[in-house]
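Keep in mind that this is a model prediction, so the values were computed, not measured.
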Amino acid sequence: MTSLPAVSAAQFRDGMASLAAGISIVTTSGPAGHAGFTASGICSVTDTPPTLLVCMNRGVSSYPEFIGNGHLAVNVLAAGQHGLSNRFADKALSRSERFAGAQWQPLANGCLRLTDSLVSFGCRVSDTQDVGTHCVFYCVVEEVVLHDAPRDALVWFARRYHATAVA
């Protein structure tokens, strides 16, 4: 069997630019502290029990809070919320600056829900697995808060933001 050449990180990122992904703000609150980050690496695992997979780079400054709290909220962003996405991805901003200018409410698990997100999922982290530079969180969904009216979603594709169209 002939071995194939290794795929470089740059080649992988170029290929992933062709995969559209929803954008979310993931928050945590608890004894380990209060934090949030922008994520595109989120997907459903199963509906029995309702479980999400959330990927987080272990080099992110808020990683210890997410590991320490064991609870999080996934807030799926609507079209037009790219400024908020950028704010939570900006390493130069403080945690208070990231949360400023948006309306937040606590979920039952204490994590913050963005009141104008498309949907917010309150989750308990049931398991984690380290893969390369990232930690994969397996999150059992304990609460779902849907927005009242359908709206376009914010997605990341070809290295920029786009809006979906609600039919």
Side-chain angles (χ1 to χ4, degrees), residues 9-29 34-47 50-57 59-63 65-66 71-109 111-123 125 131-167:
Q11 287 174 310
F12 179 72
R13 285 191 302 272
D14 288 345
M16 290 304 294
S18 295
L19 177 65
I23 302 295
S24 298
I25 301 297
V26 183
T27 65
T28 190
S29 296
H34 171 70
F37 71 100
T38 298
S40 61
I42 296 174
C43 68
S44 65
V45 175
T46 180
D47 66 356
T51 304
L52 295 176
L53 177 147
V54 176
C55 297
M56 179 186 201
N57 188 311
V60 171
S61 64
S62 59
Y63 174 71
E65 286 87 346
F66 281 87
H71 287 87
L72 56 82
V74 174
N75 298 281
V76 179
L77 297 184
Q81 293 182 313
H82 56 278
L84 186 60
S85 172
N86 288 336
R87 216 166 50 228
F88 273 82
D90 189 339
K91 295 175 185 172
L93 294 179
S94 70
R95 291 183 185 170
S96 61
E97 290 172 315
R98 290 178 183 180
F99 283 91
Q103 297 295 321
W104 302 92
Q105 292 179 339
L107 292 166
N109 67 8
C111 298
L112 294 180
R113 171 180 87 82
L114 179 63
T115 60
D116 61 349
S117 65
L118 295 177
V119 61
S120 296
F121 298 95
C123 304
V125 177
V131 180
T133 59
H134 281 63
C135 179
V136 179
F137 292 85
Y138 294 91
C139 307
V140 175
V141 177
E142 298 178 323
E143 184 176 3
V144 177
V145 180
L146 289 166
H147 192 274
D148 295 336
R151 294 179 294 155
D152 295 343
L154 182 66
V155 297
W156 185 253
F157 176 73
R159 296 188 171 96
R160 63 182 197 261
Y161 294 110
H162 299 270
T164 63
V166 175

Pairs where residues 137-166 contributes a residue and the test salt bridge (Lys or Arg N to Asp or Glu O under 4.0 Å) is met, not counting sequence neighbours: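 Matches after skipping sequence neighbours: D14-R159, R124-E142.
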Any chance you could measure [X], atom [atom1], to [Y], atom [atom2], to the nearest 0.5 Å?
X    : Y   : atom1 : atom2 : answer
N57  : Y63 : CG    : OH    : 10.0 Å
L84  : T38 : CG    : OG1   : 7.0 Å
S62  : R95 : OG    : CZ    : 5.5 Å
F157 : S18 : CZ    : OG    : 5.5 Å
T46  : L52 : OG1   : CG    : 11.0 Å

Are any of the side-chain heavy atoms of [X] and [Y] separated by less than 4.5 Å?
X    : Y    : answer
L107 : F121 : no
D116 : Q81  : yes
L114 : L77  : yes

Test side chain to side chain contact (heavy atoms under 4.5 Å, CB included) applied to F37 and V54, step by step: CA-CA 11 Å; F37 71 100; V54 176; 4.2 Å; yes
For [X] and [Y], indicate whether the former's side chain and the latter's backbone hold a donor-acceptor pair under 3.5 Å.
X    : Y    : value
W104 : F99  : yes
R98  : A35  : no
T115 : Q103 : yes
R87  : L93  : no
N109 : H71  : no
T27  : G36  : no
T164 : A153 : yes

Residue pair F66, V60: steps toward the side chain to side chain contact (heavy atoms under 4.5 Å, CB included) verdict: CA-CA 10 Å; F66 281 87; V60 171; over 6 Å; no
Which residues share a side-chain hydrogen bond (donor to acceptor under 3.5 Å, both in side chains) with H34, sequence neighbours left out: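 Once residues adjacent in sequence are excluded, the partners of H34 under the side-chain hydrogen bond (donor to acceptor under 3.5 Å, both in side chains) criterion are S29.
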Non-neighbouring partners of S94 that pass side-chain hydrogen bond (donor to acceptor under 3.5 Å, both in side chains), sequence neighbours left out: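 Once residues adjacent in sequence are excluded, the partners of S94 under the side-chain hydrogen bond (donor to acceptor under 3.5 Å, both in side chains) criterion are S96, E97.
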Quick check: closest heavy atoms across [X] and [Y], and the distance to 0.1 Å?
X    : Y    : result
L154 : A78  : CB-O, 3.4 Å
H147 : S117 : CB-O, 3.4 Å
S24  : I42  : CB-CD1, 3.6 Å

Parallel, tilted or perpendicular: rings of H82 and Y161 (30°, 60°):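 Ring orientation, 0 to 90° scale: tilted.
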Residue among T28, V141, V144 satisfying side chain to side chain contact (heavy atoms under 4.5 Å, CB included) with C123: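 Only one of T28, V141, V144 forms a side chain to side chain contact (heavy atoms under 4.5 Å, CB included) with C123, namely V141.
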Verdict with supporting geometry, F88 and V26, side chain to side chain contact (heavy atoms under 4.5 Å, CB included): CA-CA 9 Å; F88 273 82; V26 183; over 6 Å; no
Worked check of side chain to side chain contact (heavy atoms under 4.5 Å, CB included) between L72 and C139: CA-CA 8 Å; L72 56 82; C139 307; 3.8 Å; yes
